[in-house]
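What follows is a short report on a single structure.
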There are 2 protein chains.
Amino acid sequence: MLEIRHLRTLLALTEAGTVSRAAERVHLTQSALSHQLKALEAHYGVAMVKRHGQSVKLTEPGQRLVTLARTVMGEVRTAERDLTKLVGKPAGTLRIVLECHTCFDWLMPIMDAFRKHWPEVELDLVSGFHPNPLALLADNKTDLVIGSENKPRRGIVYHPLFRFEVLAVMPTDHRLKAKRHLAASDFAKETLITYPVPEERIDLIRRVLKPAKIHPRRRTTELTVAILQLVASRRGVAALPNWGIKNYVDYGYVIARRIGKSGLWSNLYGATTGEVARLPFVRDFLETARRECFAKLDGVVPVQ
Amino acid sequence: MLEIRHLRTLLALTEAGTVSRAAERVHLTQSALSHQLKALEAHYGVAMVKRHGQSVKLTEPGQRLVTLARTVMGEVRTAERDLTKLVGKPAGTLRIVLECHTCFDWLMPIMDAFRKHWPEVELDLVSGFHPNPLALLADNKTDLVIGSENKPRRGIVYHPLFRFEVLAVMPTDHRLKAKRHLAASDFAKETLITYPVPEERIDLIRRVLKPAKIHPRRRTTELTVAILQLVASRRGVAALPNWGIKNYVDYGYVIARRIGKSGLWSNLYGATTGEVARLPFVRDFLETARRECFAKLDGVVPVQ
DNA sequence: AATATATCATGAGCCGTATTCATAATCTTT
DNA sequence: AAAGATTATGAATACGGCTCATGATATATT
């Protein structure tokens with residue numbers, strides 16, 4: 001018999017593209033989803049998915065159920081919102097810690113949208129630096145940590161947000177402009193312009209330069225626009241998310257190049273405790289964030 | 001976590017008015033529903049029902065979930081209809097046996113409505129008489145039996161449709177017109193006008209007259225209008241459902257009186273095998289029937 | 001009032017079933 | 001060809017929903 005859990009699975013499946021990744025999203029095993037799908041198909045007597053080489057595509061009946069899932073989940077979400085309003089609970093709080101500095105750029109509009117739906121929830125953005133943000137969750141010092149870490153820890157659940165590429169940003173007339181993609185060595189003689197955060201928090205350094213034992217000079221500044229301005233005026237190069245710089249590139253203000261042959265990619269997760277993950281407004285926040293980011297940010301893909 | 005089964009339960013609850021009767025509808029025990037409700041209330045932190053004396057009323061949050069349930073179940077129904085169309089199964093058949101003769105009157109419009117939704121389903125109304133209609137289900141001679149029996153039998157599930165009152169219909173100038181309600185003895189000297197069916201199939205005889213050892217003369221005819229015409233022209237009295245005669249009474253063509261102090265009531269059920277009950281179009285047919293009857297027929301109440 | 005007859009609530013235990021685990025099968029990539 | 005990644009499947013496990021039995025409470029009946 002059809003249950004909401006099946007709808008959730010199908011939704012995750014369209015978004016993730018494979019059963020395994022869909023399974024992560026709904027916090028189940030790949031096997032569980034496989035069984036669920038089989039049960040669904042047995043019940044309706046149709047194939048819901050058709051494996052298309054590596055990935056899985058939904059059949060027409062599957063699509064139909066996804067449509068159902070979307071409307072149903074939407075209805076459920078608003079109903080649950082109404083419920084918590086009816087309960088008149090003393091208005092929750094949602095304290096957010098950002099590990100990823102650029103995230104400010106997309107988070108602000110999300111927070112505005114969220115505030116309209118949940119005016120009674122107090123939003124609190126903690127932007128100071130913490131050596132170990134995930135520890136704050138367990139200590140109940142914060143409710144949600146947004147970052148790229150997803151190492152399993154007991155009591156913590158990760159909610160995949162999206163995946164994006166980090167590009168090297170250079171002035172339009174840079175000596176490396178001809179290269180299709182940059183290697184670690186290319187950064188050796190450059191000045192790297194970054195946010196004022198520790199090295200381990202900068203993907204380019206942690207995952208590319210440090211392994212290659214390359215330590216370029218660094219210069220820091222707070223705002224993304226300031227970084228771009230410094231780059232444009234040839235004070236150095238930077239590494240920024242594709243969606244954050246698209247406008248500047250399109251406008252010809254700077255140029256962007258891939259880092260490494262297959263690019264430097266980063267996954268974003270929202271991390272919460274299991275308890276917090278159950279709160280309707282938290283689920284709604286995460287859902288809103290995912291939806292809006294996929295809709296508004298260019299070059300954003302599902303978490304892999 | 002909210003699942004469709006909870007929504008089904010809440011819907012049944014509003015319609016049935018008590019937990020026990022709601023339980024019958026969803027084919028579970030009263031205890032199961034009680035636990036479900038408790039789980040729901042624990043999850044959302046609100047009471048969903050408030051006991052109001054004998055019966056149970058839904059609280060505002062409960063109402064909100066019922067609204068959700070209605071839309072969701074509606075969406076699910078149409079999605080499942082679309083699915084079976086997509087599957088392109090060789091079009092099912094729905095063979096219906098009517099135990100209750102008057103049911104023709106409300107069944108026709110239902111069948112028309114149903115045909116529009118499920119043009120590929122072949123409808124077949126078997127109106128001949130069968131000594132034991134429920135046996136036809138097990139023999140796969142029919143798919144749905146509509147009648148007032150609901151004695152538990154293995155392999156057969158009953159789907160409550162509605163409850164109505166059987167009234168005594170008399171000419172406007174009948175000698176008993178002054179009585180508020182009639183007793184069994186009042187029928188002793190009357191001619192009873194009925195459909196041409198065995199005595200056991202006539203509620204008035206089986207449940208009122210036979211126990212009182214009263215055997216009035218009988219005269220039979222096929223059509224409801226013919227019965228009413230005979231009554232109006234003083235050839236006898238009849239016992240017919242309240243909703244079937246309302247227009248004739250309002251028009252002053254005949255008069256109607258209650259039978260016994262608290263009236264003679266009849267429950268209608270659709271009976272199917274468990275297997276058939278799972279077919280989407282069968283579920284849709286029963287759901288349509290219930291909905292339409294409650295909307296269109298006067299004096300119809302939920303099954304008790 | 002007292003009894004009978006409904007109803008719902010609740011805890012214990014069972015049973016069903018969804019999930020996981022382990023492994024085979026299949027397809028892609030290097 | 002081998003490695004890697006993905007899905008399918010059967011068996012075992014574990015969780016949770018359901019039933020059963022019973023008590024509590026309210027409403028009708030005498």
Side-chain angles (χ1 to χ4, degrees), chain A residues 1-10 12-43 47-59 62 152 154 157 163 260-263 265 267 274 278 302-304, chain B residues 1-10 12-43 47-59 62 152 154 157 260-263 265 274 278 302-304:
Chain A
M1 181 103 318
L2 187 71
E3 285 292 349
I4 287 185
R5 107 182 72 97
H6 298 118
L7 300 182
R8 252 192 274 276
T9 294
L10 286 172
L13 204 56
T14 33
E15 286 171 8
T18 82
V19 180
S20 323
R21 272 182 244 142
E24 280 176 28
R25 267 163 210 260
V26 293
H27 302 113
L28 291 174
T29 44
Q30 170 266 329
S31 180
L33 290 220
S34 211
H35 283 298
Q36 269 193 21
L37 280 174
K38 204 181 170 191
L40 264 187
E41 302 188 333
H43 182 247
M48 296 297 171
V49 298
K50 197 169 65 180
R51 45 213 68 283
H52 224 263
Q54 185 89 295
S55 66
V56 174
K57 279 231 168 72
L58 287 151
T59 62
R154 65 174 253 103
V157 288
R163 176 181 176 82
K261 203 166 130 198
S262 46
W265 292 84
N267 292 322
R278 234 165 280 131
V303 165
Q304 289 178 6
Chain B
M1 181 102 316
L2 186 71
E3 287 292 350
I4 288 185
R5 105 183 71 97
H6 298 117
L7 300 182
R8 251 192 274 276
T9 294
L10 285 172
L13 205 55
T14 34
E15 287 171 6
T18 83
V19 180
S20 323
R21 272 181 244 144
E24 281 177 27
R25 266 163 210 261
V26 293
H27 303 112
L28 291 174
T29 49
Q30 170 266 326
S31 177
L33 290 220
S34 211
H35 282 298
Q36 270 192 21
L37 281 175
K38 203 183 172 190
L40 264 187
E41 302 188 334
H43 183 247
M48 297 295 172
V49 297
K50 198 169 67 180
R51 49 208 64 285
H52 222 264
Q54 183 90 294
S55 66
V56 174
K57 279 230 167 70
L58 286 150
T59 63
R154 67 174 252 101
V157 288
K261 203 168 130 198
S262 45
W265 293 83
R278 235 166 279 131
V303 166
Q304 287 177 9

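Numbers restart at 1 for each chain; the letters A, B, ... are given by sequence-line order, proteins then strands.
Side-chain atoms of B:Gln30 do not come within 3.5 Å of backbone N or O of B:Ala23 as any donor-acceptor pair. Without hydrogens or angle criteria, A:Thr59 side chain to A:Lys50 main chain gives no donor-acceptor distance under 3.5 Å. Looking only at distances, no side-chain donor or acceptor of B:Glu15 sits under 3.5 Å from a matching main-chain atom of B:Ala22.
For the atom pair B:Leu40 CG and B:His35 NE2, the distance stands at 13.5 Å (nearest 0.5 Å). Annotation: the span from A:Met48 atom CE to A:His43 atom NE2 amounts to 9.5 Å, rounded to 0.5 Å. Atom CZ of B:Arg21 is separated from atom CD of B:Glu24 by 8.5 Å, given to the nearest 0.5 angstrom. From B:Arg5, atom CZ reaches atom CD1 of A:Ile4 across 9.5 Å, with rounding to the nearest 0.5 Å. To the nearest 0.5 Å, the span separating NE2 on B:His6 from CG on B:Leu13 amounts to 13.0 Å.
Note on A:Ser31: every side-chain N or O is 4.0 Å or more away from OP1 and OP2 of C:dT20. Between B:Gln30 and C:dA9 there is no side-chain N or O to OP1 or OP2 distance below 4.0 Å. Remark: B:Arg51 is in phosphate contact with C:dA9, judged by side-chain N or O atoms under 4.0 Å from OP1 or OP2.
Distance B:Arg5 CZ to C:dT17 P: 12 Å, rounded to the nearest Å. Atom P of nucleotide C:dA12 and atom NZ of B:Lys38 are separated by 11 Å, given to the nearest angstrom. For B:Leu40 and C:dA9, the CG to C1' distance is 16 Å, given to the nearest whole Å. One atom, NZ of A:Lys50, and another, C1' of C:dT26, lie 18 Å apart when rounded to the nearest Å. Across the protein-nucleic acid pair, B:Glu3 atom CD and C:dG16 atom C1' stand 16 Å apart, rounded to whole Å. If you measure from atom CZ of B:Arg21 to atom C1' of C:dC8, you get 13 Å, rounded to the nearest angstrom. Rounded to whole angstrom, the span from the NZ atom of B:Lys57 across to the C1' atom of C:dT7 amounts to 15 Å. Atom NE2 in B:His35 sits about 11 Å away from atom P in C:dA12, given to the nearest Å.
Nearest-nucleotide mapping onto DNA chain C: of A:His6 and B:Val49, the residue sitting toward the 5' end is B:Val49.
Taking five base pairs at each end of the helix from C:dA1-D:dT30 to C:dT30-D:dA1, the local helix axes there meet at an angle of 30°, rounded to 10°.
Checked by atom type, the side-chain pair A:Thr9/A:Gln36 shows a donor-acceptor distance below 3.5 Å.
Scanning DNA chain D 5' to 3' for nucleotides with an atom closer than 4.0 angstrom to a non-hydrogen atom of chain A gives a first and last hit of D:dT6 to D:dA11.
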